[in-house]
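Note sheet for the following structure.
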Amino acid sequence: MIAKEKLDSILKMFDKDGVMKNYAKVLPYFKKYWFRTLLALGLAIPIGSLDAVIALSLKPYMDIVMVDKTVHSPWYIPILIVAFTSTQGFLNYLSTYMNAWVGGRVTNDLKKTLYDKLMHKDATFFDTRTSGDILRWFNNDANTSCNSLLNNLKTGISRVFSSISLVAVLLYNSWQLAIIAIIVLICAVIPLTKMRALIKSITDKSESAGGRIITAYNEAFAGNKVITAYNLYDYQRKNFNKDLDNVFGLSMKITQKTGWLSPMMHIMVSIGIAAVIGLGSYMIVKGTITSGNFVSFITALIMLYTPIKLLGNNAKNMQNALLALERVIKQLDAVPRIKDKPNAKILKGLNDSIEFKDVKFEYKKNKPVLKGVSFKVQKGETFALVGNSGGGKSTIVNLIPRFYDIKSGNILIDGIDVRDYTLESLRDNISIVFQDNFLFSGTIRENIMLGNLNATEAQLQEAIKDSYLEDFIKSLEKGLDTNIGERGVLLSGGQKQRIGIARAFLKNAPILILDEATSALDNEAEKIVQRAIENLMKDRTVFVIAHRLTTVQNADRIAVIKDGKLVELGNHNELIHIEDGIYRHLYESQFAKVEAVV
């Protein structure tokens, strides 16, 4: 509490204009490191204040040397200047080290929180974002904001105390000249208050364009085979060059809006120095001030103005850091749209049924995907969903584990709405085998064990056996410890599917969803994967989506989905005898294709 109050007081002292108000929202991340944080910031006070020592010491030195023409009395002044400057240099090094240490620690802690936030984003978030956006918001912005946080604070504190001490020297030597210097200083700094408004909109566009560049690199990596197979080199290169040119154009717009600040400040500073020299020369002649006063004043003025001239160059980077921090705060403050209700229930297995009651759903507002779907699946039943692409089959199964939330209606498990269960317990009871199972970089063992990180070796071997992976794993030199590459690029489609099935075996959830698990495989691979799936389906409640109707003929019931509606429901024999039925038409079409091939 004391540490937070101290940091708050520092922010209030040096943030009167509210420029760094968002920094207060990340103060909790500094709590663990409050001593080093305060030390890093506190050292900036003497660092800035010591600037005045050199300027102040020149008055007696110059008066004695220039007036008395002797060097005996002020012999100690050069030694003191070296001593104070050395002290300032040491303190600056210590402060820089502390800044880097605390900034690095806080950046890592912030990234951990952001990564956790990212993991709990709903599916809609990922559907509407690119990989470039994710990397920029959850990694790059954390680096930009946190690494510059203490540096900006340190620089600000140092500049404030340096300015206060130097202004004190100005006033000590001549209050008349000091008034001129301060007026010029204020005029030079005022344009910086407009910096934020000048660059915010352009910076947002520039960051977005930068995200597209990152996405282009990711797509070049993940889609290299498609690029090669379709000779898309020119197409991809043109798109990439277009994005690069866009980033360059936006960068130049920022430069156009901010580049004038630095030369303008140089001009303002030169006007101030010229005015001081002119009036100072007159005052020396009149005897109002001594030569020592004037030299001390000019030295203090130059030391005060020099960092001001550089502010124009630094202001853009500072504003970029502040805007990055705003984006970080936005992600930290974001509340997941799909979350647990207060006092949510724990789902402990499936005891009775899963029911859809007049379920309506849309990905985009006023564009319905499901239009009042209703059905009930009993425990242990295999329920198949068929129909043309885009009808809503995958949407239906994605609603059960709450990848998305419905617009209206109810999805009930054992009579309780899925929204009334905790997300963790709901998803613990559901296994999913996708059309293209995602495999993480690492070994086969690591990928299978993701189904149950606490599984025993015996359970692992049983899952491997039931997934028909034994022969494949034995053929590998390192067996289960074979590295499969990023996204499992070193494996065939059938091998990846069987690893996904083995993962589902280890999870051993009572509800199983098979989302076109064999549709992307050739006939030989499909046969062995289908046998593994049949093992997986035993004693479970199964939702299966399949384009090949031969794979769902044995389902207890088959639901035909068309344009977001359930249009037919029954077993294979019932549906095949419906005159002009959709299922019958689909089945006969596929059977005719098979006959043609034969």
Side-chain angles (χ1 to χ4, degrees), residues 116 119-123 335-359 361 373-385 394-406 408-434 437 447-463 466-467 500-515 517 532-545 555-557 559:
D116 187 60
M119 292 299 97
H120 288 86
K121 293 288 186 183
D122 59 271
V335 178
R337 287 192 291 180
I338 297 179
K339 58 183 179 178
D340 291 340
K341 287 184 177 180
N343 303 315
K345 304 177 185 296
I346 304 292
L347 176 61
K348 299 178 180 179
L350 176 64
N351 298 311
D352 181 41
S353 64
I354 300 172
E355 182 177 5
F356 276 57
K357 294 181 67 174
D358 194 27
V359 171
F361 174 78
V373 173
S374 299
F375 60 82
K376 190 172 186 178
V377 178
Q378 298 296 328
K379 178 183 178 181
E381 187 176 2
T382 296
F383 189 81
L385 296 159
S394 293
T395 298
I396 288 174
V397 296
N398 284 334
L399 295 176
I400 300 172
R402 288 188 70 191
F403 290 164
Y404 307 89
D405 268 345
I406 61 177
S408 64
N410 299 95
I411 300 174
L412 309 173
I413 295 181
D414 292 341
I416 299 174
D417 196 294
V418 293
R419 291 168 290 190
D420 293 326
Y421 289 116
T422 65
L423 285 169
E424 184 177 5
S425 67
L426 174 66
R427 292 165 182 173
D428 275 345
N429 283 274
I430 301 172
S431 293
I432 305 177
V433 180
F434 298 97
N437 279 297
N447 272 276
I448 296 176
M449 289 292 288
L450 292 175
N452 180 4
L453 296 175
N454 297 315
T456 64
E457 185 64 24
Q459 290 172 322
L460 174 62
Q461 292 301 326
E462 185 177 357
D466 290 337
S467 303
I501 292 169
R503 186 189 292 170
F505 267 116
L506 273 192
K507 188 172 185 181
N508 196 28
I511 302 169
L512 174 63
I513 295 173
L514 302 170
D515 190 355
I533 287 175
E534 289 170 1
N535 288 339
L536 182 61
M537 292 170 63
K538 293 177 182 176
D539 302 320
R540 290 182 172 85
T541 304
V542 183
F543 290 82
V544 54
I545 297 174
D556 296 303
R557 281 187 300 160

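What you see below is based on every heavy atom in this structure, not just the backbone, and it leaves out hydrogens, waters and symmetry mates.
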Salt bridge (Lys or Arg N to Asp or Glu O under 4.0 Å) partners of [X], counting only residues at least two apart:
X	answer
R419	D417
D352	none
R557	E381
D358	none

Going by side-chain contact (heavy atoms from CB on, under 4.5 Å), name the residues that satisfy it together with [X], two or more places apart in sequence or in a different chain.
X	value
A384	V544, V552, A555, I558
I346	K348, T422, S425
A455	M449, N452, Q459, L506

Pairing residues for F375 by the ring pair (Phe, Tyr, Trp, His ring centres under 6.0 Å) criterion, not counting sequence neighbours: F356, F383
Go through the structure and list residues passing side-chain hydrogen bond (donor to acceptor under 3.5 Å, both in side chains) with [X], not counting sequence neighbours.
X	answer
N508	R540
T395	Y363
S353	none
K376	none

N/O donor-acceptor pair under 3.5 Å between D340 side chain and L423 backbone: yes
